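Everything below concerns the one structure shown next.
Keep in mind that what you see is a predicted model, and the values were worked out from it rather than measured. In what follows, every heavy atom counts, from backbone to side chain, and hydrogens, waters and symmetry copies are set aside.
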Amino acid sequence: MTEFTVYRRGFMVGLAATAGILPGVSLAQAGDPVRGGTLRISHSTRIATLNVLTLSGPAEYPVIDMVYSGLTRIGPDNTPLPDLAESWEASEDATSFTFNLRPGVTFHDGSPLTAADVVATFEAILDPDIPSAARAVLTMVERIEAVDDLTVRFHLSTPFADLPFSTAHANARILSKAVVEGDLSQIETTANGTGPFKLETYDSARIVRLVRNENYFIEGKPYLDAVEMHLFPDLAAETVNFLSGDVDVMLNVQQADYDRIASAPGVNALRVPSGRYINVVMRQDQPPFDDVRVRRALAMAVDRQLLVDIVLEGLGRVGNDNILSPEFQFYIDSPEIPYDPAAARALLAEAGYPDGIDITLVASNRPAIRGQVAIAIRQMAEPAGFRINVESMPHDTYLANVWMQGNFYMGYWGMQPTEDATFRLLLTSDASFQDTAWFNAEFDALVELGQATVDPAERARIYAEAQELILRDVPYIVPFFEDVLTASRSHVEGWTVQPISRVFFIEDVWLNRS
Amino acid sequence: MSETNNQTAAGSAGTTPPILEVRDYSLTYGGPEQGVKVLDDINLTIRRGETLGLVGESGSGKSSLAWAIMRYLPALATESDGAILLSGENLRSKSQYQMLDIRGRRIAMVFQDPSMSLNPTLRLGEQLSEVLIRHRGLSLQQAWKEGEAALARTGITRPAEMMKRYPHEASGGEKQRVVIATALACSPELIIFDEPTTALDVITARQILQLFETLREETDVSALYISHDLGLVSRIAPRVAVIHRGVIVEQGQCAEVFRDPREAYTRRLLAALPRPDRWLGVDQPATGAAPLLETQALNVRYGGPSLLDRITGSAKQAVDGAIDVALGVRPGELLGVVGESGSGKSTVAKVLSGLQDFRGTVRFDGRGFVRRRDFDRRYRRAVQVIFQHPDSSLNPRQTIGQILSRPLKLYGLVPAAQRPAKVAELLEKVLLPADYARRYPHQLSGGEKQRVAIARAFAAQPRLVICDEITSSLDVSVQASIARLMVGLQAETGTACIFITHDLNLVRQLAHRIAVMQHGRLVDLFDTPDAEAPERHPYTRALLEAVTPPPVVAEAPVDDLEGTGP
Amino acid sequence: MTLSYLIRRLGAVLLVLVIVTFAVFAVTMILPGNAAVMILGEYGSPDQVAALERQLGLDRPWYTQYFAWVAGMLQGDLGTSLRLGMPVSKVVGDALWNSAVLAVTALVGVTIIAIPLGILAAVRRGTASDLGIGVLAYVGTAMPEFVTATVLLVLLAGPATGLFPAGGYVAPWESMSGYWAHVALPAITLGLVMTAHISRQVRSEMSDVLSSDYIRAARLKGLHERRVIRRHALPNSMAPAVAVISLDVGYLLGGIIVVEEIFAWPGLGRTLIYALENRDLPVIQAVTLVLAMVYALTNLISDIVIALLDPRVRYD
Amino acid sequence: MTSPFRSYPGMVGGLLLLIVGVAALFGPWLAPYDPQQFHPQVRLQGPSAAHWLGTDQFGRDILSRLLHGAPSTVFFGIGATLLGVAAGTIIGVIAGVAGRWVDSVIMRIIDGFLAVPDLLFTLLIVTILGGGMGHAMLAVAVAFTPGMARIARSAVLSIRTREYVLAAVARGESSVYIVGREVMPNAMGPIIVEATIRVSFAIMIGATLGFLGLGAQPPSTEWGLMVAEARQFMFRNPWMVVVPGIAIALAAMGFNLFGDALRDSLDVRRSH
């Protein structure tokens with residue numbers, strides 16, 4: 001019956017190393033944590049792999065977050081916290097970072113964690129022959145050095161103030177050197193980490209079961225004896241199952257079900273504002289979107305509040321085409337873009353399309369929200385002269401045929417930890433997923449500069465300027481930011497999710513059976 | 001057996017009632033108003049030890065009467081007043097539950113086709129002994145022993161072995177013996193035989209009849225013997241009832257009925273009976289003429305073991321359809337080919353009509369053919385075939401007119417404009433109204449369809465017509481008219497004919513020469529008048545003995561009234 | 001049934017499998033996109049995709065892949081799942097086992113229910129029970145599984161009633177009560193269509209048998225109706241019923257695809273859909289092969305059973 | 001042959017087909033609203049005077065969507081079946097008429113394809129082709145082809161031994177005439193019956209593909225897709241699931257019933 005909404009923004013992020021116990025993030029903690037019990041979590045996407053280097057599934061993240069630890073970890077206030085690294089220092093110019101490892105940490109197989117393991121892991125991540133998702137945020141790392149058994153130093157080719165964020169990347173967890181040097185394919189199905197839970201059963205078609213790591217490096221944690229991840233591919237069935245009390249936590253709640261779940265007895269629904277967004281991709285190297293007026297016209301033809309109301313069921317915030325959400329430290333408030341089809345039509349005419357535009361908007365069918373937004377945009381933009389033909393397709397077909405190739409389609413991205421990561425993901429000319437052909441040298445230079453700048457005030461100015469460029473050129477339409485929704489039975493204490501949905505702090509969760 | 005002869009009102013004088021008496025019985029299918037009356041005011045009586053023959057054509061109601069006696073009628077049957085008395089007890093007042101004790105014990109039934117009336121998945125022994133268990137309360141072992149004894153009485157040589165067989169492992173005759181043994185097992189008062197030999201081969205049928213006669217004498221059972229064959233009934237039943245469209249038109253002692261049939265229908269039935277002594281055919285053609293068609297060392301083999309069968313030693317035998325058959329037909333001649341089913345007579349027909357691969361030579365009109373594909377359109381036009389089943393030999397989606405014009409068009413005989421006239425002419429030739437050209441086959445009766453098939457064959461102006469059992473699926477009275485029609489056309493056109501049949505009596509009326517086939521071989525070939533000569537092949541003699549010589553009757557007027565039936 | 005027949009039938013099954021493997025390989029080769037793209041999804045940059053392609057061997061020319069696959073097949077090695085990183089034999093083996101649990105449960109349930117229903121309808125032909133069963137059969141065959149499954153979920157698994165869990169899988173050897181609870185809804189969903197179909201077929205076969213001459217003959221022997229039905233009619237309608245059931249196994253193998261997806265049943269169907277979505281070629285091939293093999297073997301077994309039930313049937 | 005409408009199944013089936021047919025032919029003109037029109041104020045409503053069958057998550061009128069979806073749903077079934085029947089019949093007739101090794105080869109291959117369950121086959125094909133209504137239709141047609149070929153072949157074989165066909169062969173007719181005029185007109189009965197029944201399967205498979213996200217795609221109003229999209233909202237507005245679900249079942253049932261009645265009326269043995 002209880003609904004929590006967690007809003008956080010603008011926390012100081014820096015190099016300050018806060019040693020010690022992680023802050024408890026539970027909000028309704030009743031009494032002292034009790035040990036024991038099994039937490040059952042339901043999820044709707046498969047845990048297809050345990051390959052920590054490449055995985056990206058929504059349900060795969062909690063598993064590796066339980067099994068593995070990183071050097072750093074993104075905290076609830078969107079700052080890097082100590083994990084395996086007790087503390088770290090950066091050089092003045094931010095080209096060298098030294099991490100001090102926690103002593104006495106062991107892997108699940110009993111072998112001790114040393115600097116060599118850290119070095120081996122990051123070398124694997126940087127090896128172009130080994131697929132790894134974290135490489136994109138670590139490209140500036142030139143060399144990693146084991147100073148001694150418990151000290152690791154990163155040498156960077158360019159200054160990079162956000163390195164502790166990069167080392168907190170969900171796919172940059174520390175593997176043992178033996179694993180890295182052995183048959184790396186075994187990390188697909190086995191896991192030897194330093195996290196609070198050990199892998200017991202891995203059945204990707206059904207259940208993943210983890211048990212308490214008795215030797216976890218934080219005394220007394222985790223509280224739970226075991227965690228089970230149950231797969232429910234059908235969303236309706238998953239909801240029914242959660243409501244009937246067969247699982248304790250529903251990892252992701254659909255907007256359509258949120259109210260019903262939140263009002264069910266014995267349930268805590270949790271809603272966390274996040275920087276997760278839908279973006280309408282408009283390729284700018286071909287008509288009609290080569291003209292910024294067309295992009296602006298479309299932007300004006302989207303009723304953002306209505307989208308939030310009917311697609312997100314109100315569980316989100318209007319976005320105004322800035323891909324940064326208010327959670328980011330250097331976010332600037334962008335002016336509201338009102339729904340004005342008449343003005344949009346006029347702008348379209350001015351751009352040379354007095355009779356409007358016929359165009360096909362492609363949307364993958366997964367998640368369903370892409371298609372829903374596309375259909376809604378089709379309806380909203382019609383009076384403005386955009387005759388949009390929505391073409392939905394299976395996700396695999398979309399990945400194979402449209403993504404990174406099409407000129408007008410629906411993107412969907414999770415929140416990135418930093419401004420830099422966000423920009424480099426999509427918008428810089430050399431971005432990992434440059435799918436708009438928006439090549440802006442000025443913007444690229446600002447991002448480079450921002451990366452190398454340590455002073456927060458200066459960075460704020462630089463990133464503000466970069467955001468202005470985005471708002472001016474409208475490389476994407478970002479109509480809203482989606483809240484992250486999850487739910488737990490009320491006896492579950494300490495369950496929470498983060499805006500970026502990559503870290504879960506399940507070691508803090510306990511079951512209150514009293 | 002000491003009852004006095006009380007002709008009319010049985011049981012009225014305190015004497016032992018007759019075994020079966022049907023009194024003023026009528027039966028309607030459907031509602032009482034618009035329904036079809038299948039039995040109308042039936043009266044008949046069977047006394048102890050007596051056999052009554054019930055003769056009628058298909059649709060006459062003879063089987064419905066059997067069902068009525070067994071009290072086994074469909075839900076939509078409506079019975080009028082009247083009574084069915086079994087030894088004086090009115091069966092109509094019995095409940096279905098009471099009837100269970102009567103059926104199989106006091107009235108038993110023997111059906112037409114033993115391969116249909118025996119359960120294919122049960123051993124013959126079980127089907128026999130279950131009656132004994134049911135009605136005589138025997139244990140399984142007792143019933144089985146009793147069953148073996150019953151089988152032995154029906155002339156089965158190894159009854160114990162037969163008991164263990166499934167129906168498909170027994171021959172038709174053996175199966176019918178099992179059915180008869182089952183019927184007799186509980187010593188019933190009455191047995192109803194519903195055409196028990198129709199589905200059997202001539203010689204087997206003969207044996208079953210003999211068995212029937214023997215058993216009847218042994219057991220003194222009463223019997224109602226239903227058949228379409230007057231000749232056959234006359235042999236085994238002293239009294240006969242003739243049923244036509246649900247009405248018993250004539251009833252009496254066989255000899256009297258045959259000698260002096262009172263009703264036109266009976267006369268017609270009698271007239272339709274094929275009798276070898278009455279020649280129907282055309283005059284003998286010149287004997288010296290060269291054969292029109294000739295086969296030399298004709299061989300046909302069906303199937304055979306595959307390579308894999310041979311490797312694994314599976315006993316899969318090839319079946320010989322025809323072995324070294326050498327036949328000849330002279331121009332204008334009618335050659336009869338007889339034999340039981342599987343004798344190879346139809347195989348020969350198929351070869352000659354170009355439907356079957358063969359080895360050997362077929363010579364026709366001076367030309368030789370050694371492969372099926374050699375038969376060209378010229379041959380095919382000259383040699384036409386008429387099939388057994390009129391229901392399936394006409395394309396149901398074409399009108400009679402279309403069917404008959406096809407050979408005219410195919411062989412380029414008649415220009416398109418004159419075809420309708422020619423079709424009318426053909427129809428007239430086979431005694432059908434010209435407006436039948438617009439009808440579809442399903443609107444015609446069986447006999448009419450066969451006439452159309454004949455017309456189609458003659459449309460091609462053939463020199464030889466092959467008739468493959470063309471009368472055997474027709475009613476008796478229709479058979480005769482079809483045979484006469486064939487002969488008439490032959491006389492008119494001078495066409496030669498190969499007439500394939502299992503009916504020796506019929507073929508002796510028509511054919512100049514008769515070929516007898518057995519197991520794929522031609523075993524005998526003779527001029528028809530020599531049929532009873534002593535030098536005939538034993539098999540020919542057996543066939544001749546098996547067919548019932550029809551009773552001698554007065555000549556009846558020949559009036560073709562078939563086709564006017566319901 | 002001769003040895004030659006069995007050899008030929010097995011040969012035919014083998015031939016069928018060869019054809020299916022060819023077809024499947026051709027099919028999977030034409031599929032757009034490859035596993036590397038699918039695995040990395042929208043976070044897969046071109047260089048990562050390239051690295052993964054190298055790692056998975058997808059950068060080799062198609063004929064090399066083909067021969068590698070065939071060579072593996074011949075040695076009984078089905079390869080490694082591209083997506084799951086596990087041996088295909090393990091992935092598909094587990095799924096096959098789970099599907100078998102569901103399919104066998106459904107099939108046994110259907111057989112127990114549908115055959116008596118069909119017989120009842122045939123025996124009581126034209127009565128209210130016949131009509132009722134007939135209507136049920138028509139409705140049952142016209143309801144797609146996903147509709148049935150949804151209705152069942154709402155009615156029986158929803159919080160309102162909560163009679164059954166909404167999905168998931170518990171093996172019978174883990175917990176019998178858990179197994180029954182979990183298998184009930186998917187098995188009912190699958191079973192409904194089959195019950196409808198089989199009972200209709202059995203009714204029609206049984207009606208034919210009941211109107212046959214030998215049943216009439218049996219009745220006219222004065223046998224009690226019970227014996228007529230049980231001893232005379234039933235054995236004769238069983239062989240066609242077995243044939244119908246074996247045909248329906250083909251349907252069942254298709255039906256589990258949807259049902260497993262809805263009820264979170266970790267079987268072949270879901271494995272297949274997942275493999276298709278991820279272009280996991282070895283798994284697609286293996287699942288298709290297994291399904292085809294199961295179907296072919298089912299038909300063979302049903303033929304053998306029919307031969308045992310019906311003494312007339314002889315194969316040679 | 002008696003009229004299939006004489007029997008109760010035939011009558012009910014015919015009535016259902018009439019309803020579905022009217023919806024398929026005139027649905028778009030009968031619809032009270034634009035099926036894509038949002039009515040944000042009345043989202044997820046049950047039946048009301050304004051919206052007889054309620055509204056969906058965007059406030060779109062369900063009745064209008066249903067009526068607009070009728071043509072695509074029904075014509076999907078009919079189109080897929082027709083394609084499959086045409087291809088299957090051609091193959092089956094070739095096999096049945098040619099006989100010998102041609103028949104053996106074709107039938108072995110057909111057996112191979114028949115060993116793959118319909119839905120699986122369809123899934124494989126539709127995945128290659130990439131989803132969508134047209135591709136799904138093609139896939140169902142391809143999946144139907146082997147089964148139809150088998151039925152066409154057996155129909156041809158049973159007709160081929162009829163005496164009127166033998167008569168035509170004996171007459172020396174050409175193969176084309178025999179197949180076209182003697183065999184096919186009579187073999188069409190079982191093929192048409194099977195095709196009618198298969199339309200109902202095609203509708204259901206189409207809906208299932210829509211449900212799996214491989215068939216019709218949003219914003220199509222295809223019924224299977226309507227159910228799939230509605231499942232998310234089924235507890236908030238059950239009408240969204242129930243209405244198209246029942247529509248699919250009724251359409252499938254109509255073809256099924258009618259096909260059965262047609263079979264009975266063609267088959268004398270079973271018509272009593």
Who wins among C/Arg270, C/Met86, C/Glu260 for the most heavy-atom pairs under 4.5 Å with chain A?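 Heavy-atom pair counts peak at C/Arg270.
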Please confirm whether the backbone N or O of C/Trp265 pairs with a side-chain atom of A/Arg206, one donor and one acceptor, at under 3.5 Å?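 Checking the backbone N and O of C/Trp265 against the side chain of A/Arg206, no donor-acceptor pair under 3.5 Å is found.
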Heavy-atom pair with the smallest gap, counting every atom of C/Leu84 and A/Thr189: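 Answer, listing the atom of C/Leu84 first, then A/Thr189: O-CG2, 3.6 Å.
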Distance-minimising heavy-atom pair for C/Pro266 and A/Ala205: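 Closest pair (atom of C/Pro266, atom of A/Ala205, distance): CB-O, 3.3 Å.
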Rounded to the nearest 0.5 Å, what separation is found between the [atom1] atom of [X] and the [atom2] atom of [Y]?
| X | Y | atom1 | atom2 | value |
| --- | --- | --- | --- | --- |
| C/Leu153 | A/Thr239 | CG | OG1 | 10.0 Å |
| A/Leu53 | C/Leu52 | CG | CG | 11.0 Å |
| C/Glu277 | A/Leu399 | CD | CG | 10.5 Å |
| A/Leu235 | C/Ile262 | CG | CD1 | 11.5 Å |
| A/Leu231 | C/Tyr169 | CG | OH | 14.5 Å |
| C/Arg279 | A/Asp396 | CZ | CG | 4.0 Å |

According to salt bridge (charged side-chain N to carboxylate O under 4.0 Å, His left out), who are the partners of A/Arg283, at least two apart in sequence or on a separate chain?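 A/Arg283: salt bridge (charged side-chain N to carboxylate O under 4.0 Å, His left out) contacts with A/Asp285.
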In terms of heavy-atom proximity below 4.5 Å to chain C, should A/His230 be classed as side chain, backbone, both, or neither?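 For A/His230, there is no contact with chain C at all, as no heavy atom is under 4.5 Å.
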Please state whether the side chain, the backbone, both or neither of A/Tyr412 comes within less than 4.5 Å of a heavy atom of chain C.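 Contact with chain C: backbone only.
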Please identify, among A/Pro233, A/Gly411, A/Gly245, the residue contributing the most non-hydrogen atom pairs under 4.5 Å to chain C.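 The option with the most such pairs is A/Pro233.
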What residue, out of A/Pro394, A/Ala48, A/Ala237, A/Ser44, has the most heavy-atom pairs lying under 4.5 Å from chain C?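 Ranked by heavy-atom pairs under 4.5 Å with chain C, first place is A/Ala48.
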Applying ring-ring contact (aromatic ring centres under 6.0 Å, His included), name anything that partners A/Phe433, two or more places apart in sequence or on another chain.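 Checked A/Phe433 against ring-ring contact (aromatic ring centres under 6.0 Å, His included); matches are A/Trp403, A/Trp413.
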Could you list which of residues 128-138 of chain A have a heavy atom closer than 4.5 Å to any heavy atom of chain C, in residue-number order?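 A/Pro128, A/Asp129, A/Ile130, A/Pro131, A/Ser132, A/Ala133, A/Arg135 fall under the 4.5 Å cut-off.
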Output all residues satisfying side-chain hydrogen bond (donor to acceptor under 3.5 Å, both in side chains) with A/Ser204, sequence neighbours left out; order by chain, then residue number.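 Here the qualifying residues are A/Arg46.
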For C/Arg83, is it the side chain, the backbone, both or neither that has a heavy atom under 4.5 Å from a heavy atom of chain A?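 Contact with chain A: backbone and side chain both.
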